[in-house]
There are 2 protein chains.
Amino acid sequence: MSQTHQSTERLLQLAQQVEAAIGQLREAGYKNTRKRQALLEILLREHGPFSVEELQQRMPIECDLATIYRNIAIFEEQKMITACDFGDGLKRYEWAGEEHEHHHHIICQQCRKTDHLDLCFVGELEKLVREKGYTAVSHRLEFYGICQRCQRKRSA
Amino acid sequence: MSQTHQSTERLLQLAQQVEAAIGQLREAGYKNTRKRQALLEILLREHGPFSVEELQQRMPIECDLATIYRNIAIFEEQKMITACDFGDGLKRYEWAGEEHEHHHHIICQQCRKTDHLDLCFVGELEKLVREKGYTAVSHRLEFYGICQRCQRKRSA
DNA sequence: CTTTTTGCAAAAGGTTTGCAGATCA
DNA sequence: TGATCTGCAAACCTTTTGCAAAAAG
């Protein structure tokens, strides 16, 4: 499969996903706007997690932060995105579609870049928590470290 | 062991721990003040995690929030307390003494009260993260749910 | 008496909100 | 046209900082 072929396919898939998201929003009574669509495209293409400011930087057109916050709130209410909190005072958001199953992050303590981890056997622990009498149990697991690029920078 | 006896012992232990903490602070060049000592007592007695406002409420004497923030910063620098972030926009702090080993929390989504969990086999996962090339790896694991008291309130 | 500590008020960051004008359907 | 959406500015909330007065040693 050629590189070109692959990216064409990807673009098509993206367009479909954006369409689906816009459809869901329309059913909930929200209109389709250029900025809203641009936000959806960014989140669908790059997945995140992104802070509100990072989203603003990626926007192809100028967009007020308030607008981004308000759209983020709508996406969250529609369960299209999920919020993460890495403890540095910024909320971040990532696309929550089925293609991005439950997963965890590793956060570089230096550059704050995040990577995904496809490991999770914490579900077993959740059972223990339920046995303590809690309902609606969920969890959040974040790893912190220094990534390889920052290690190289540091020693340089 | 009678209740009275036990609490006398506990009080003695507390006094010793406060003394030790004050000593450590003195060596680092910090003076002993009533408010500082009161903060240490609260953290040592109740362990936390507490938000800054919760600490203020527990203070036996009036104390400005700025004072609490500044002392918190000193305690943190001295590694006497550790910060937690449960993703609700408030930082919380808990005593980090040896008697409180590495542990995790379960947070009630309704009343925000936290409980400790003495389970952790996530250390194994940390190894996998190191194998991805990260150094200085640590993690944070929080469980969320609805506690029994809130479940009763809800159905009432 | 010198240094640290404190309270107050102002500033700083991230986020939210009210409102009038622009945009969508 | 009537609805939602947007930008702007102001408000909000938690946390930080500057400064003069108070407390510690």
Side-chain angles (χ1 to χ4, degrees), chain A residues 18-19 21-42 48-57 59-78 80-93 112, chain B residues 18-19 21-42 48-78 80-94 112:
Chain A
V18 172
E19 262 319 302
I22 289 172
Q24 180 180 340
L25 289 173
R26 185 161 25 231
E27 291 199 2
Y30 298 111
K31 297 187 172 174
N32 182 21
T33 69
R34 283 214 306 176
K35 316 213 164 175
R36 188 113 85 204
Q37 181 161 341
L39 277 172
L40 289 171
E41 278 166 12
I42 294 166
F50 294 132
S51 67
V52 170
E53 213 161 323
E54 285 166 340
L55 285 171
Q56 188 184 42
Q57 287 161 6
M59 286 290 273
I61 42 183
E62 267 199 25
C63 186
D64 196 87
L65 282 180
T67 300
I68 299 184
Y69 278 111
R70 282 189 272 231
N71 277 295
I72 282 296
I74 291 172
F75 298 165
E76 226 184 337
E77 168 211 297
Q78 291 293 312
M80 292 172 159
I81 59 175
T82 53
C84 342
D85 188 321
F86 299 151
D88 64 345
L90 292 182
K91 286 183 193 167
R92 273 161 239 264
Y93 304 90
R112 289 274 140 198
Chain B
V18 172
E19 262 319 302
I22 289 171
Q24 180 181 338
L25 289 172
R26 186 160 27 233
E27 291 197 4
Y30 297 111
K31 297 185 174 177
N32 183 20
T33 69
R34 282 213 306 175
K35 315 210 165 180
R36 189 111 86 205
Q37 181 162 343
L39 276 172
L40 289 171
E41 280 166 9
I42 293 165
F50 293 133
S51 68
V52 171
E53 212 161 324
E54 285 166 341
L55 285 170
Q56 188 185 42
Q57 286 161 6
R58 274 161 234 266
M59 286 290 274
I61 43 185
E62 266 200 26
C63 186
D64 196 89
L65 282 180
T67 300
I68 299 185
Y69 278 110
R70 282 189 272 232
N71 277 296
I72 282 296
I74 291 171
F75 299 164
E76 225 184 338
E77 167 211 298
Q78 292 293 311
M80 292 171 159
I81 60 175
T82 54
C84 341
D85 188 321
F86 299 151
D88 64 345
L90 291 183
K91 286 183 191 165
R92 274 160 239 265
Y93 304 91
E94 66 181 356
R112 288 275 140 197

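Numbered from 1 within each chain, the chains take letters A, B, ... in sequence-line order. Small disclaimer: the values here were computed from a predicted structure and weren't measured. Both backbone and side-chain heavy atoms feed into the values below; hydrogens, waters and symmetry mates do not.
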Item to complete: Assign each of B:Gly29 and B:Ala66 to its nearest nucleotide of DNA chain C by heavy atoms, then name whichever residue's nucleotide is nearer the 5' end.
Response: B:Gly29

Worksheet item: Rounding to a whole Å, what distance do you find between A:Arg26:CZ and D:dT4:P?
Response: 15 Å

Discussion item. Between P on C:dT17 and CD1 on A:Ile74, what's the gap in Å once rounded to a whole number?
Written reply: 13 Å

Discussion item. As a test of reading the structure: which of C:dT15, D:dT16, C:dT6 is closest to the side chain of A:Lys91, going by heavy atoms?
Written reply: C:dT15

Worksheet entry | Nearest-0.5 Å distance, CG of residue A:Asp64 to CZ of residue A:Arg70 | 7.5 Å

Response to the item:
With the side chain defined as heavy atoms from C-beta on, A:Asn71 is closest, among D:dG2, C:dT6, D:dT6, to D:dT6

Worksheet item: Between C:dG14 atom C1' and A:Ile72 atom CD1, what is the distance in whole Å?
Response: 14 Å

Discussion item. Using a 4.0 Å heavy-atom cut-off, does A:Leu65 contact any base of the nucleic acid, only the sugar-phosphate backbone, or nothing at all?
Written reply: nothing

Fill in: A:Leu40: which of A:Ile22, A:Ile81, A:Asn71, A:Asn32 passes side-chain contact (heavy atoms from CB on, under 4.5 Å)
A:Ile22

Discussion item. Quick one: does any side-chain atom of B:Gln56 pair with a main-chain N or O of B:Cys63 as donor and acceptor, under 3.5 Å?
Written reply: yes

Worksheet entry | Euclidean distance, atom CD of residue B:Gln56 to atom P of D:dT15 [Å, nearest integer] | 12 Å

Discussion item. With hydrogens left out and only the distance checked, is there a donor-acceptor pair under 3.5 Å joining B:Lys31's side chain and the base of C:dT3?
Written reply: yes

Fill in: Nucleotide D:dA23, atom C1' - distance to CD of B:Gln37 in whole Å
15 Å

Discussion item. Counting only side-chain heavy atoms from C-beta out, which of D:dT4, C:dG14, D:dG7 sits nearest to A:Cys63?
Written reply: D:dG7

Fill in: Pairwise side-chain contact, B:Leu25 with B:Met80, heavy-atom cut-off 4.5 Å (strictly under)
yes

Practice prompt. Rounded off to whole Å, could you give me the CG-to-C1' distance for the A:Leu90 and C:dA12 pair?
Written response: 14 Å

Practice prompt. Let me know the distance between OH of A:Tyr93 and C1' of C:dG14, rounded to the nearest Å.
Written response: 10 Å

Discussion item. Checking contacts here: which listed nucleotide (D:dG25, C:dT15, D:dT6) is nearest the side-chain heavy atoms of A:Tyr69?
Written reply: C:dT15

Discussion item. Side chain of B:Thr67, heavy atoms from C-beta onward: which of C:dT6, C:dT16, D:dT15 has the nearest atom to it?
Written reply: C:dT6

Worksheet entry | Out of D:dT15, D:dT6, D:dA24, whichever nucleotide has its closest atom nearest the side chain of B:Arg34 | D:dA24

Practice prompt. Specify the separation, in whole Å, of atom CG of B:Asp88 and atom C1' of D:dT15.
Written response: 15 Å

Discussion item. Taking atom CD as the centre, does B:Glu27 end up with more than 12 heavy-atom neighbours from other residues, nucleotides or ligands that are less than 6.0 angstrom away?
Written reply: no

Fill in: B:Arg70 side chain, from C-beta outward: closest of C:dC8, C:dT17, C:dT15
C:dC8

Discussion item. Does C:dG14 have OP1 or OP2 under 4.0 Å away from a side-chain N or O of A:Ser51?
Written reply: no

Worksheet item: Which of the following nucleotides, D:dT4, C:dT4, C:dC8, is nearest to the side chain of B:Asp64?
Response: C:dC8

